[in-house]
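Values reported hereafter were calculated over all heavy atoms of this structure, with side chains retained and with hydrogens, waters and symmetry mates removed. So that the names make sense, note that chain A is the first sequence line, chain B the second, and so on, each numbered from 1.
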Amino acid sequence: MKKSSCSLLILVLLWSNGVFGQDLLNLLEAEQKDENQYAPSAFMMTRIAFGHSTEVRPQNVLDVFVANRFWNTPEESTQSFVADRMSSRIALEYAISDRLTFGAGATTFDGLFDAHLKYRAALQRNGDGWPITLTLFQNMSYDSSPIADQSVSDDFSDRLSFTSQILVSKRFNKNFSLQLAPTLVNRSLGLSAADPTSIFALGAGVRYKLGPHVSFVSEYYQVFNPLESRTTFDPIAFGVNWELGDLMLQFMLTNSWFMVEDAFITRTPNNFNFRNPNLNFGFNATYVIHFKNKLKK
Amino acid sequence: MNKVLLLLTTLVLTLSNDSSDKVICRQGSVSFFSYTSVENIKAQNNQVSSIIDFESSKIAVSMLMNAFVFEKALMREHFNESYIESDIYPKATFEGEILDFEPAMEGAQIRIVKGLFTMHGVAEELEIKTKIEKSGSTFTLTGSFETLVESYDINIPPLLAGNIAKTISVDFRFEYEPYEEK
């Protein structure tokens, strides 16, 4: 009798002890707001490969963005060092607010000057919260390349192209993110009567993380009503993104040497294969500069 | 004997249901520092919650990892995404005991807080020297400690190893008020 009541006593004390220990964290759990947290970014970089991702930078952050494409001409032998042709796009992109980014850039090979506004309308939340990240993208580009054909109307307004995109991304888990991008491109320069001025496309991009800082990416744009007067191909890219703190590097293989939306979506002249000049090696470097110390109010 | 047992049981039950012997902190601050010759990194979290139970001298702390604010906005993303993996391990918690704690003592007392700190899925035994100040019904706990990054199974690429200190110093400050059960 005595023995059993003693063990019962110990049992009760143990039980109460266990409740005390577990209780405190559970009490804190109950105190903390139960709302779903924002999901971490789906892509980290503002571009998946050549196209924009849903990502925007926090306020007062400047991205110095340099993109390069290298490719060879079909000639059997050339005197060029490393690659026969290269194109560079240098751009500055500044985050006006946590949602809105303005960027402007220039490309060497095709003489495109471009500017864009990017607005993140909604951000994905964890759990059963809001499921997707939604970003609106509007770009305008000016084609400064010389046109030999006198019959082509090339006033300032003719040389402008516009691209509107609705970027929708979802981070499915830590490693895998997917983006869809319904796109409308409006352009008029050098088109024949048979060509559409409004071109519709759907972009798809994926990221799969290979490690904490390295990810594999792929991007593809399906063009629904391509140009009729010349043969164009859908742009595709396979690449590796590497995050190094303030520096982010992207390496890719692609069939398009264009780097501005309206150009690579509607004008890519090559298919994706390993014959010159179809295969392009692409290299993007983004350097991130912070103008605001978030710890100082 | 049975009466004693009954008495003890009721005593324990009343104690565990009583809430006035606890204090809570809802907006405590925890900051950490990493000093290297390459880069100084500082982060602060002002939404840390903590609770102390006087009866058992037990203390619990819970913080959301993505509430840490860094000097550079992008560091926060890197911290959550690549280092602390906050979508898998959203919280860091501490469960421990204040040794020789005297809740009734007015003014300052310096005590050792001993317990388990869990972050990034790794539990570490810590002993933290803490200053406890009591004025009326409010308590303030302040202190700092150092901990090794490598204990927490955090993946740091060799290229960035120079940017992140091996030892991270942590400062904390919690202000407690009486806990009322909702």
Side-chain angles (χ1 to χ4, degrees), chain A residues 1-2 4-6 8-9 11-13 15-33 37-42 44 55 57-61 63 95 98 126 171 173-174 209 211-214 242-248 288-296, chain B residues 1-2 4-5 8-9 11-13 15-16 19 22 24 26 31 39 42-44 47 49-53 55-56 58-62 64 66-67 69-78 80-83 85-88 90-91 93-95 97 154-157 159-160 163 179 181-182:
Chain A
M1 175 64 204
K2 202 173 180 188
S4 68
S5 43
C6 234
L8 194 67
L9 179 74
L11 207 73
V12 165
L13 284 175
W15 169 79
S16 65
N17 219 20
V19 164
F20 276 132
Q22 200 53 47
D23 237 10
L24 291 182
L25 268 183
N26 287 345
L27 283 176
L28 286 183
E29 201 80 19
E31 282 288 323
Q32 271 161 359
K33 274 171 265 164
Q37 301 288 324
Y38 286 119
S41 52
M44 206 65 172
E55 202 61 28
R57 292 284 175 240
Q59 192 178 13
N60 296 329
V61 169
D63 273 13
D98 283 346
N126 285 335
R171 180 189 167 107
N173 57 42
K174 184 174 153 291
K209 288 191 87 173
H213 301 263
V214 180
W242 189 19
E243 297 148 18
L244 281 166
D246 290 339
L247 183 67
M248 302 189 185
V288 183
I289 300 169
H290 291 78
F291 283 111
K292 188 178 165 192
N293 182 344
K294 288 268 181 184
L295 286 177
K296 284 185 186 144
Chain B
M1 187 63 205
N2 269 342
V4 178
L5 192 66
L8 260 168
T9 317
L11 191 76
V12 164
L13 281 176
L15 277 179
S16 59
S19 59
K22 294 189 188 77
I24 190 159
R26 291 183 177 89
S31 41
E39 191 173 27
K42 185 184 175 195
Q44 194 164 357
Q47 292 162 44
S49 53
S50 174
I51 192 161
I52 301 175
D53 184 356
E55 204 57 46
S56 59
K58 284 214 157 71
I59 177 168
V61 180
S62 171
L64 281 169
N66 67 5
V69 179
F70 291 72
E71 281 176 48
K72 293 178 174 179
L74 219 64
M75 271 188 186
R76 183 176 179 173
E77 287 184 35
H78 283 294
N80 284 297
E81 166 91 32
S82 308
Y83 295 97
E85 300 176 273
S86 65
D87 48 351
I88 306 172
K91 282 177 187 172
T93 57
F94 178 84
E95 268 182 294
E97 196 176 341
I154 292 166
N155 191 323
I156 297 169
L159 213 61
L160 292 174
N163 296 45
Y179 176 68
E181 206 146 358
K182 279 173 194 166

Atom group of A:Lys292 that falls short of 4.5 Å from chain B, counting heavy atoms
backbone

Between B:Glu85 and A:Lys174, does a side chain to side chain contact (heavy atoms under 4.5 Å, CB included) hold up when you go through it step by step?
CA-CA 8 Å; B:Glu85 300 176 273; A:Lys174 184 174 153 291; 2.5 Å; yes

Which heavy atom of A:Leu28 sits nearest to which heavy atom of B:Ser49, and what is that distance?
CD1-O, 3.7 Å

Using side-chain heavy atoms (C-beta onward) and a distance below 4.5 Å, is B:His78 in contact with A:Glu243?
yes

For the CG atom of A:Leu244 and the OG atom of B:Ser82, what is their distance to the nearest 0.5 Å?
10.5 Å

CA sep, side-chain torsions, deciding dist, call: A:Asn293, B:Lys72, side chain to side chain contact (heavy atoms under 4.5 Å, CB included)
CA-CA 6 Å; A:Asn293 182 344; B:Lys72 293 178 174 179; over 6 Å; no

Note: vs chain A, highest number of non-hydrogen pairs under 4.5 angstrom among B:Pro90, B:Pro157, B:Ser86, B:Ala73 is B:Ala73

Which atom names give the shortest non-hydrogen contact between A:His213 and B:Asn155, and what distance separates them?
NE2-O, 4.1 Å

Candidate list B:Ile24, B:Ile51, B:Asp53, test side chain to side chain contact (heavy atoms under 4.5 Å, CB included), partner A:Leu27, passing option
B:Ile51

Do B:Glu77 and A:Met44 have side chains that get closer than 4.5 Å, going by heavy atoms?
yes

Are the side chains of A:Trp242 and B:Leu159 in contact, using a 4.5 Å heavy-atom criterion?
yes

Which value, rounded to the nearest 0.5 Å, describes the distance between A:Leu25 atom CG and B:Phe94 atom CZ?
10.5 Å

Closest approach of B:Leu74 and A:Arg57, non-hydrogen atoms and distance?
CD1-NH1, 3.7 Å

So, the part of B:Ser50 with a heavy atom under 4.5 Å from chain A: the answer is backbone

Heavy-atom cut-off 4.5 Å, strictly under: side chain, backbone, both or neither for B:Glu97 against chain A?
neither

What is the distance from atom OG of B:Ser56 to atom CG of A:Leu24, rounded to the nearest 0.5 Å?
6.0 Å

Looking at B:Glu81 and A:Pro40, what are the two nearest heavy atoms and their distance?
OE1-CB, 3.8 Å

Which bit of B:Lys42 comes within less than 4.5 Å of chain A, counting heavy atoms only: side chain, backbone, both or neither?
both

